[in-house]
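Below is one structure, written out as structure tokens, with a few remarks after it.
All values reported here derive from a predicted model rather than from experimental measurement.
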Number of protein chains: 2
Amino acid sequence: MPRPTLADVARAAGVHPGTASRALNPDLPDRITAATAKRVREAAQRLGYVVDSMGRSLRTGRSRTVGVLVPDLTNPVFPGMIRGIEDELRAHDYAALLANTDNEVTREAELIATLKARQCDAFIVASALRDDPVVRELVTAGDRVVLINRLLDDTTASAVLSDDQSGVAAAVTHLHDLGHKAIGHLAGPRNLSITQARRDAYSHSMTSLGLRHPRNYFVHASAYTAAAGHDAALRLIERSDVTAIVAGNDMLAVGCYTALEQLGLSCPKHISVVGYNDMPLAEHLRPALTTVRMPQYDMGVEAARLIMNILGASEEVSPETIFVPTELVSRSSTAPPAARPRAISQRS
Amino acid sequence: MPRPTLADVARAAGVHPGTASRALNPDLPDRITAATAKRVREAAQRLGYVVDSMGRSLRTGRSRTVGVLVPDLTNPVFPGMIRGIEDELRAHDYAALLANTDNEVTREAELIATLKARQCDAFIVASALRDDPVVRELVTAGDRVVLINRLLDDTTASAVLSDDQSGVAAAVTHLHDLGHKAIGHLAGPRNLSITQARRDAYSHSMTSLGLRHPRNYFVHASAYTAAAGHDAALRLIERSDVTAIVAGNDMLAVGCYTALEQLGLSCPKHISVVGYNDMPLAEHLRPALTTVRMPQYDMGVEAARLIMNILGASEEVSPETIFVPTELVSRSSTAPPAARPRAISQRS
DNA sequence: ATGAAAGCGCTAACAT
DNA sequence: ATGTTAGCGCTTTCAT
């Protein structure tokens, strides 16, 4: 026997479909007798009825679905956020439609089109570039959008961010407390807002501690990956006398590790490294990575809450930015500075 | 102006909606004049028309959506698979609806109900327990299901698996070639089919190499996590004289690392460790993990292909099992055996 | 080859 | 408080 329909339930309960609908959606204007409501619910239960979301969506114009765009699911930061998003959405009877953009704007555009075709009510975007044309279009066109771990240049949208200012400050201060003066920064690619935020936070922290930070103390990696971090770390270490590195995220910190290994240097003996995010497995790297913990799950939850607020409001709500607090997790990749050995083995 | 509908396109092209529908879905029985087809397509293009999948689904009874159930997105094996699934599905104009089961059967049941309500045409399940009642129900009820990296006891369903037999054999042989005789196995939880498959493969490999493998040479971890692996590895090392461990997956191998560290032993000096999966970051652990690579992305692609075949067929297709080949990746966690130091520090 | 019309399952406006 | 009715956007059978 096929899936029971609302009409089946209504028939079984001896009422009309409209009544059955109202009985099962108690928050509607017109109320229903407790008795009939009960009868309908029981019939639904007995037949194993579940609403057909297609029929409902077609009628209401809303799908109770939120599109979630991430740049790369294999980056371990995102799964945590997604869990948070999913859990919070489900609590409101919404589902997440997930898509990878691969950091490609064209793919992002394509996916957004697909998601719109599937009638997503809103979008949570973790993949936005600073000048992302597709996402900007989405925001300016009045679609409901929440950014997560990202911002757009020149366009305000609701967003959930970690408090990079205090996070980076904690990292720099931690290294300073250990006795480091020559602290470098391995920044991510320029086209992401977090890169800029963390770099500014680095400069600001160094300045307020009275530490020099000449141009050769920081370098940009071409992506937030271990490989790009490796290349950039080689440049940073060869061109400067830094005894410690604040990496833009944990994957870049991993790149520092492999660069140090290649140069015959050891962490934290010769150079200390601090990451950012506290991704899964960070504590299982060797040395265990000192890093700034970003509450990924909570960020996801907050993003979903923002979206639910926006969807629940009858009028347009003004954009809101939520900063989640960070926490320095001190492990084994940081130690007091020691002299770097004279001869650095050249690149292979 | 609101999203254009098919009627809008039809009007713009000077045809009736039915004709427009046929023009845009070229693989239907009745063909259309090349001229009108072109006219309709151009109108659609011009207006920026995208089909409303709700309307279509309501009419056709199919949603072009596949539910994907994973036990835990933060386990780094799954993102790769999901990427493969997504890419292949999208090539056929299908979307994936993703959900985490958290390894809880009740949550799994709930999610499947939700996904059914959203009219998923099929399911790809990476979360099935050997005796999973919910998934079994799905299979026996005739729903379209493909399992990935999992099997059910007593119920045949289409599945994509890694070739554990040869994968584990490669690991054992590798250790044997290095000179190890006392090779232990750190297995996963008993309620998963891969645990059983890998354990059987271990026994079989040991036997065919003529190696002893008494009961104290293997132990089950309570979950495929680093913490559970840690506990089980302590038991294995304390109760046996193994000089090498084949771990059920990479997370368990990480547990071996921390257990060894706690015991004051070093890897690979005192004990060699081989993982399974070659998850992201495996090469960035210290020591870099020797492991059996499982082509996660390809497995996802294969699972999606199976589903597309099943969905495309007019009749019921008989279940098919695809084994993907594995490859041993030799890194730094394996080396020739050395005597284990006499005194093992007791557990803290 | 195209037009006409019905209907998928649901909800909301209107009627009682 | 409940019944009646219309229609969301699409596909498809039937007619021409």
Between A/D72 and A/Y224: side-chain donor-acceptor atoms closer than 3.5 Å: no
Proximal nucleotide (of C/dT11, C/dG3, D/dC10) relative to the B/T19 side chain: C/dG3
A/Y49 OH - C/dC10 P separation (whole Å): 4 Å
Minimum-distance nucleotide (side-chain atoms of B/V51 versus C/dG3, C/dC10, D/dC10): D/dC10
Gap between atoms NZ and P, on B/K38 and C/dA1 respectively (whole Å): 18 Å
A/D143/A/K116 ion pair, N-O < 4.0 Å: yes
salt_bridge(A/E42, A/K38) N-O dist < 4.0 Å: yes
Electrostatic pair A/R150:A/D132 at N-O distance under 4.0 angstrom: no
Which nucleotide in C/dA1, C/dG9, D/dT11 has an atom nearest any side-chain atom of B/L58: C/dG9
Sugar-phosphate only, base, or nothing, as touched by B/S57 at under 4.0 Å among non-hydrogen atoms: nothing
Salt bridge present between A/R3 and A/D52 (N-O < 4.0 angstrom): yes
Value in whole Å for how far the P atom of D/dG3 lies from CZ of A/R11: 14 Å
Between P of C/dG9 and CZ of B/R62, the distance in whole Å: 16 Å
B/T33 side-chain proximity, nearest of C/dA13, C/dT11, C/dT2: C/dT2
Protein-nucleotide distance (A/D52, atom CG; C/dG7, atom P), rounded to Å: 18 Å
d(CZ, B/R56; P, C/dG9) in whole Å: 18 Å
Nearest-angstrom distance from the residue atom CG of A/L6 to P of C/dG9: 11 Å
Nearest-nucleotide 5' precedence on DNA chain C, B/R39 against B/G55: B/R39
Closest listed nucleotide, where the reference is the side chain of B/R59 and the choices are C/dT11, D/dG3, C/dA6: C/dA6
Contact nearer the 5' end of DNA chain C, comparing B/A37 with A/S53: B/A37
Euclidean distance, atom CG of residue A/N25 to atom P of D/dT2 [Å, nearest integer]: 15 Å
Side-chain donor/acceptor of B/R3 to base of D/dG9, under 3.5 Å: no
B/R22, nearest nucleotide to its side chain (from C/dT11, D/dT13, D/dC10): D/dT13
Nucleotide nearest A/T36 (side chain, heavy atoms from C-beta), chosen from D/dT2, D/dT11, C/dG3: D/dT2
Nucleotide nearest B/T60 (side chain, heavy atoms from C-beta), chosen from C/dT11, D/dG9, D/dT11: D/dT11
